[in-house]
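Encoded as structure tokens, the structure appears first; notes follow it.
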Amino acid sequence: MLVTGFDIIFFWVARMMMLGLKFMGEVPFRDVYITGLILDEHGEKMSKSKGNVIDPLDIVDGIPLEALVAKRTAGLMQPQLAPAIERATRKQYPAGIAPHGTDALRFTFAALASPSRDIRFDLARVAGYRNFCNKLWNAARFVTMAVGESAPAAGGETQELSIADRWIRSRFGRLLDTLESAFRDYRFDYAASALYEFTWYDFCDWYLELTKPVLQGEGISAAARRGTQRTLVQVLEALQRALHPLMPFITEEIWQRVAPLAARTGESLMLQAYPLASDFGADEEAEREVAWIQAVVLGVRQIRGEMNISPARRIAVLFKDASAQDQACTARHRAWLERLAGLASVTVLPPGAAAPQSAAALVGTLTILVPMAGLIDAGAEAERLGRLLAKAQDELAKARARLANESFVHNAPAAVVTTERERATELERTASALSSQLERVRGLLAP
Amino acid sequence: MEKVYAPQAIERRIYERWESHGWFAPSGRGEPYCIMIPPPNVTGTLHMGHAFQHTLMDALTRYQRMRGRDVLWQPGTDHAGIATQMVVERQLNAQGVKRTDLTREAFLERVWQWKEQSGGTISAQMRRLGDSVDWSRDRFTMDPGLSRAVIEVFVRLHEEGLIYRGKRLVNWDPVLLTALSDLEVQAHEEDGQLWHLRYPLAAGAGHVVVATTRPETMLGDAAVAVNPGDTRYQPLIGKLVQLPLAERAIPIIADAYVDPAFGSGCLKVTPAHDFNDYEIGQRHHLPLINIFTPRATLADTVPERFRGLERFEARKRVVAELQAAGLVERVEKHRLAVPRGDRSGAVLEPYLTDQWYVKIAPLAGPAIAAVEQGRTRFVPEGWARTYFEWMRNIKDWCVSRQLWWGHRIRSIPGSPRRCGRFRRSAGRMPPRSSAGSIRAACWSPASTSSSSGSPA
């Protein structure tokens with residue numbers, strides 16, 4: 001097949017088709033994937049005269065400011081543009097360009113590869129994906145250290161898979177399904193975002209945390225520990241295979257360490273088989289249960305955020321209107337809830353029981369309550385919220401006045417008016433949220 | 001594992017290991033899967049667009065390899081003809097040397113040296129990007145094999161009558177002294193002028209007024225055209241006008257191309273210097289009077305006092321003389337699209353030259369069908385529309401250029417029966433065939449065919 005830009009259809013693709021058919025008797029390629037055009041972050045074509053050219057290897061290896069300026073101002077067809085180019089370069093990259101590594105750049109390109117005609121390249125995204133590489137690396141370190149030298153996948157010893165182990169395997173299987181369609185349809189952007197979300201959220205943010213009580217906790221059976229260790233290495237290993245086409249270097253490096261632990265042999269990751277979705281079947285039950293855990297944890301975190309409760313502070317929660325299923329999950333996953341949500345205790349309220357003054361969050365039909373007594377200084381919090389609300393309302397009034405001013409609306413540039421309108425809407429939202437918050441907190445104050 | 005992820009510490013080492021083990025070569029097992037790299041031009045280094053495309057190609061290559069297919073990502077570089085020649089010429093100019101100060105051989109030596117340098121940089125960049133191409137199959141568009149293929153294809157097409165030598169108008173760059181394809185032409189709107197000139201009738205009193213943005217080309221006029229439906233001029237069709245300055249008579253003809261609403265409704269027709277006029281000239285069998293030299297100075301076909309003048313200088317003189325003779329009715333400001341070469345920036349001339357063309361229609365048919373039948377598909381599929389539009393309006397392809405850095409094809413005027421039996425001559429010529437003779441295209445100078453189709 002062929003991967004090329006749309007301008008090449010005329011120069012080259014059509015001529016290859018004609019001559020290929022004529023002399024080889026068949027089409028020279030079955031698929032022609034037409035990429036978008038890379039533009040700078042402002043949507044401008046990259047050109048020497050615009051002074052916005054970046055050498056891709058300078059993003060990989062980094063380049064000091066002076067060298068970058070020199071590169072951009074040397075050999076210009078119109079040398080009189082040099083001073084402006086130098087100024088703009090110094091302004092945009094005061095510290096030059098930092099090294100990002102090849103994999104971060106490659107991943108960025110994949111993430112940007114949507115079917116649109118123009119593709120705006122932004123260096124900030126590469127920095128983001130460099131962080132992604134770090135996150136992957138750290139996850140690999142965690143796994144290799146947690147599992148140690150033993151190869152837990154070897155041998156026929158029994159293993160017990162926790163609901164989290166089953167969950168991550170199921171999630172990985174779904175990722176592989178997505179990747180298969182993405183590669184088939186040339187949707188590199190879907191492939192990149194699916195890999196990112198699985199790695200960052202499912203694997204690192206959630207799964208690694210869920211393994212900690214099993215790996216470190218007391219009273220955990222050897223079989224359970226084994227199950228979690230095996231899942232950790234197996235999924236991490238398979239993840240390197242899944243990521244390899246986009247990020248070949250970091251995955252090869254990690255894989256060399258992880259493969260033996262997952263009982264996989266081979267000289268190189270690039271020669272390995274791509275993971276199959278069929279090896280990671282869907283586990284609906286596990287997905288449901290972990291989704292429940294996530295919703296509860298996120299609900300508690302939301303309350304913490306609204307009530308300004310420190311994450312370090314352990315809190316007691318009540319479950320109101322808990323169904324039988326909720327209660328069963330609570331019983332099974334108490335340890336996780338307490339650990340991930342920072343809970344001192346979880347109490348299921350009997351039906352009809354009265355609840356003390358609490359902040360609430362909903363998980364389906366279940367209500368999570370965090371009793372406020374002694375938890376926050378309601379008076380101080382009310383004051384704080386009151387101040388924020390007053391400020392927001394004040395700014396909102398000003399914005400509204402400006403937008404009601406005929407001469408502003410008619411004379412200011414359209415973009416400025418639009419920005420002001422958006423600002424007003426945002427302030428309305430903020431004021432409204434603060435107002436309800438304040439009411440809730442006031443409700444906690446002694447009558 | 002190291003505490004910190006340090007890409008610079010691992011990338012080169014890993015790539016060298018992959019390459020040295022030969023793991024980029026096809027495995028020989030499984031269903032074949034091949035991607036051909038759009039060969040980068042050896043004009044410099046890879047840019048962001050390349051890095052973007054290479055990432056996608058490498059992702060597909062690695063993915064398919066891991067899916068068990070027999071995978072080849074075929075690398076190569078493109079000699080890029082005029083672009084590369086200009087890069088090296090600029091380098092020489094910076095040293096105070098002109099290309100024409102050197103022999104062809106010496107100049108080409110310099111270009112091959114540059115090719116090594118640029119090619120080396122490009123492959124180093126590709127290795128850093130992680131491109132899993134099979135380096136053992138690296139090709140260059142001017143390597144012996146591909147050069148042989150170019151000649152072979154040219155000769156075969158010629159033998160089938162699909163290549164012809166034609167005297168046609170091409171986009172001529174008077175600075176680089178070469179023809180350019182339509183695609184190398186950049187036309188931008190610029191400020192110019194529109195002159196309204198009087199051409200007196202040859203017999204009797206009266207005149208017609210023609211409007212032109214290029215007064216100097218009037219010296220090559222072959223006719224004045226009016227729209228057949230234009231009642232103002234119907235009585236004049238078939239009559240002669242006396243062409244000022246050139247002192248010859250040219251006919252008034254009727255052609256539907258003329259827009260009665262533009263200017264006076266009379267169009268001066270200069271078949272050798274305007275693409276549209278050329279078509280009119282073909283339709284009416286008008287003579288082709290070429291008034292320019294290749295450097296766009298006035299040739300010996302014009303009155304002596306204008307010969308040798310640079311074209312825009314000639315314009316001033318022509319206008320001055322016409323004005324003195326009271327033949328300039330008026331001049332007005334006018335925006336027009338000016339074609340410039342995308343490399344030299346010079347204003348291009350539609351110019352009559354002998355060039356080689358490929359008759360495209362017989363080749364386009366199957367190529368259109370292949371996409372219609374889905375044997376080749378575009379992704380996203382909307383681009384097929386672009387392909388069809390272009391393919392259905394395609395013109396014959398001018399494949400010759402006047403360059404030093406490119407494929408040289410030996411063509412021998414003479415009887416076709418003598419083809420294939422010529423001895424190798426000195427210089428960087430294509431390699432011999434096994435019989436010791438070289439493939440060549442034979443053409444008869446008598447048959448400069450004017451086949452259908454016009455240059456692309």
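Every chain is numbered from 1 and lettered A, B, ... according to where its sequence line falls, protein lines coming before strand lines.
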- [ ] Using side chain to side chain contact (heavy atoms under 4.5 Å, CB included) as the criterion, point out the one residue from Y186(A), Y33(A), F29(A) that pairs with V3(A).
- [x] Y33(A)
Open item on the list: With a 4.5 angstrom heavy-atom cut-off, is it the side chain or the backbone of M36(B) that approaches chain A, or both, or neither?
Closed with: both
Task: Which portion of Q256(A) sits near chain B, non-hydrogen atoms under 4.5 angstrom - done: side chain
TODO: Go through the atoms of P99(A) and report whether side chain, backbone, both or neither lie under 4.5 Å from a heavy atom of chain B.
DONE: side chain
TODO: Return the option, out of P362(B), G365(B), A51(B), with the maximum number of heavy-atom pairs under 4.5 Å with chain A.
DONE: A51(B)
Task: Interface residue of largest heavy-atom contact number with chain B, from L112(A), I119(A), L21(A), D7(A), under 4.5 Å - done: L21(A)
Task: Greatest number of heavy atom pairs closer than 4.5 Å to chain B - which of L269(A), T144(A), I250(A) - done: I250(A)
- [ ] Measure the spacing between CG of L76(A) and NZ of K48(A) and express it to the nearest 0.5 Å.
- [x] 5.0 Å
TODO: Please state whether the side chain, the backbone, both or neither of M270(A) comes within less than 4.5 Å of a heavy atom of chain B.
DONE: both
Open item on the list: Can you tell me which portion of L37(A) sits under 4.5 Å from chain B's heavy atoms? Options are side chain, backbone, both or neither.
Closed with: neither
Task: chain A interface, residue from I37(B), V358(B), I360(B), V4(B) that has the most non-hydrogen pairs under 4.5 Å - done: V4(B)
Task: E11(B) portion near chain A, given a 4.5 angstrom heavy-atom threshold - done: both
Open item on the list: Under 4.5 Å from any heavy atom of chain B, what part of A242(A) do you find: side chain, backbone, both or neither?
Closed with: neither
TODO: Please determine, by modelled atom types, if T4(A) and Q53(B) share a side-chain donor-acceptor pair under 3.5 angstrom.
DONE: no
Task: Segment of H21(B) engaging chain A (4.5 angstrom heavy-atom cut-off) - done: side chain
TODO: Measure Q74(B) against the heavy atoms of chain A and call it side chain, backbone, both or neither at under 4.5 Å.
DONE: neither
Open item on the list: Looking at E372(B), I want to see if its CD is surrounded by more than 12 non-hydrogen atoms of other residues, nucleotides or ligands under 6.0 Å.
Closed with: yes
TODO: Select one option (side chain, backbone, both, neither) describing which atoms of L46(B) are under 4.5 Å from chain A's heavy atoms.
DONE: backbone
Open item on the list: Does any backbone or side-chain atom of F107(A) lie under 4.5 Å from a heavy atom of chain B? Answer side chain, backbone, both or neither.
Closed with: neither
Open item on the list: At a heavy-atom distance under 4.5 Å, which candidate from L105(A), N134(A), L246(A) has the highest pair count against chain B?
Closed with: N134(A)
TODO: Would you mind checking which part of R117(A) comes under 4.5 Å of any heavy atom in chain B, side chain (CB onward), backbone (N, CA, C, O), both or neither?
DONE: side chain
Task: Charged N-O contact under 4.0 Å between E160(B) and R156(B) - done: no
Task: Among D31(A), L19(A), V60(A), V27(A), residue most engaged with chain B (heavy-atom pairs, under 4.5 Å) - done: D31(A)
TODO: Flag the pair Y129(A) / Y196(A) as yes when their ring centroid distance falls below 6.0 Å, and as no otherwise.
DONE: yes
Task: Top contributor to chain A contacts, counting heavy-atom pairs under 4.5 Å, from K3(B), R13(B), R90(B) - done: K3(B)
Open item on the list: Please classify the contact between V153(B) and chain A as side chain, backbone, both or neither, with a heavy-atom cut-off of under 4.5 Å.
Closed with: both
Task: Under 3.5 Å donor-acceptor, R257(A) side chain and E253(A) backbone - done: yes
Task: When R67(B), M57(B), R128(B) are compared by non-hydrogen pairs under 4.5 Å with chain A, the top option - done: R128(B)
Open item on the list: At a 4.5 Å cut-off on heavy atoms, which part of Q64(B) comes close to chain A: side chain, backbone, both, or neither?
Closed with: neither
- [ ] Flag the one option from G68(B), A384(B), P39(B), S132(B) with the top tally of heavy-atom pairs under 4.5 Å to chain A.
- [x] P39(B)
Task: Closest-packed option against chain B by number of heavy-atom pairs under 4.5 Å, given C133(A), P115(A), A191(A) - done: C133(A)
- [ ] Measure distances from Y33(B) to the heavy atoms of chain A and classify the residue's part below 4.5 Å as side chain, backbone, both or neither.
- [x] side chain
Open item on the list: Any salt bridge linking R69(B) with E31(B)? Criterion: basic side-chain nitrogen under 4.0 Å from a carboxylate oxygen.
Closed with: yes
- [ ] Using the six-membered ring of W18(B), assess whether NZ or CZ of R62(B) lies under 6.0 Å from its centre and within 45 degrees of the ring axis.
- [x] yes
Task: Per-residue contact mode, I34(A) against chain B (heavy atom under 4.5 angstrom) - done: both
Task: Polar contact flag, side-chain donor to acceptor under 3.5 angstrom, Q91(B)-Q95(B) - done: no
Task: Per-residue contact mode, I59(A) against chain B (heavy atom under 4.5 angstrom) - done: side chain
Open item on the list: Among P7(B), A6(B), A59(B), G49(B), which residue has the highest count of heavy-atom pairs closer than 4.5 Å to chain A?
Closed with: A59(B)
Open item on the list: Quick check for you: among I8(A), L2(A), L271(A), which has the greatest number of heavy-atom pairs under 4.5 Å with chain B?
Closed with: L271(A)
Task: Carboxylate-amine/guanidinium contact R125(A) E41(A), below 4.0 Å - done: no
- [ ] Say whether, by atom type as modelled, one donor and one acceptor occur between the side chain of D134(B) and the main chain of L72(B) under 3.5 angstrom.
- [x] no
Open item on the list: One thing to verify: whether E389(B) and R385(B) come together as a salt bridge, which I'm taking to mean a side-chain N less than 4.0 angstrom from a carboxylate O.
Closed with: no
Task: K50(A)/D40(A) ion pair, N-O < 4.0 Å - done: no
- [ ] Answer yes or no: are there more than 12 heavy-atom neighbours, outside R30(A) itself, under 6.0 Å from its atom CZ?
- [x] no
- [ ] Count the heavy atoms of every other residue, nucleotide or ligand shown that sit under 6.0 Å from CE of M24(A), and state whether that count exceeds 12.
- [x] no
TODO: Could you tell me whether R65(B) sits above the aromatic face of W73(B), with NZ or CZ closer than 6.0 angstrom to the six-membered ring centre and within 45 degrees of the axis?
DONE: no
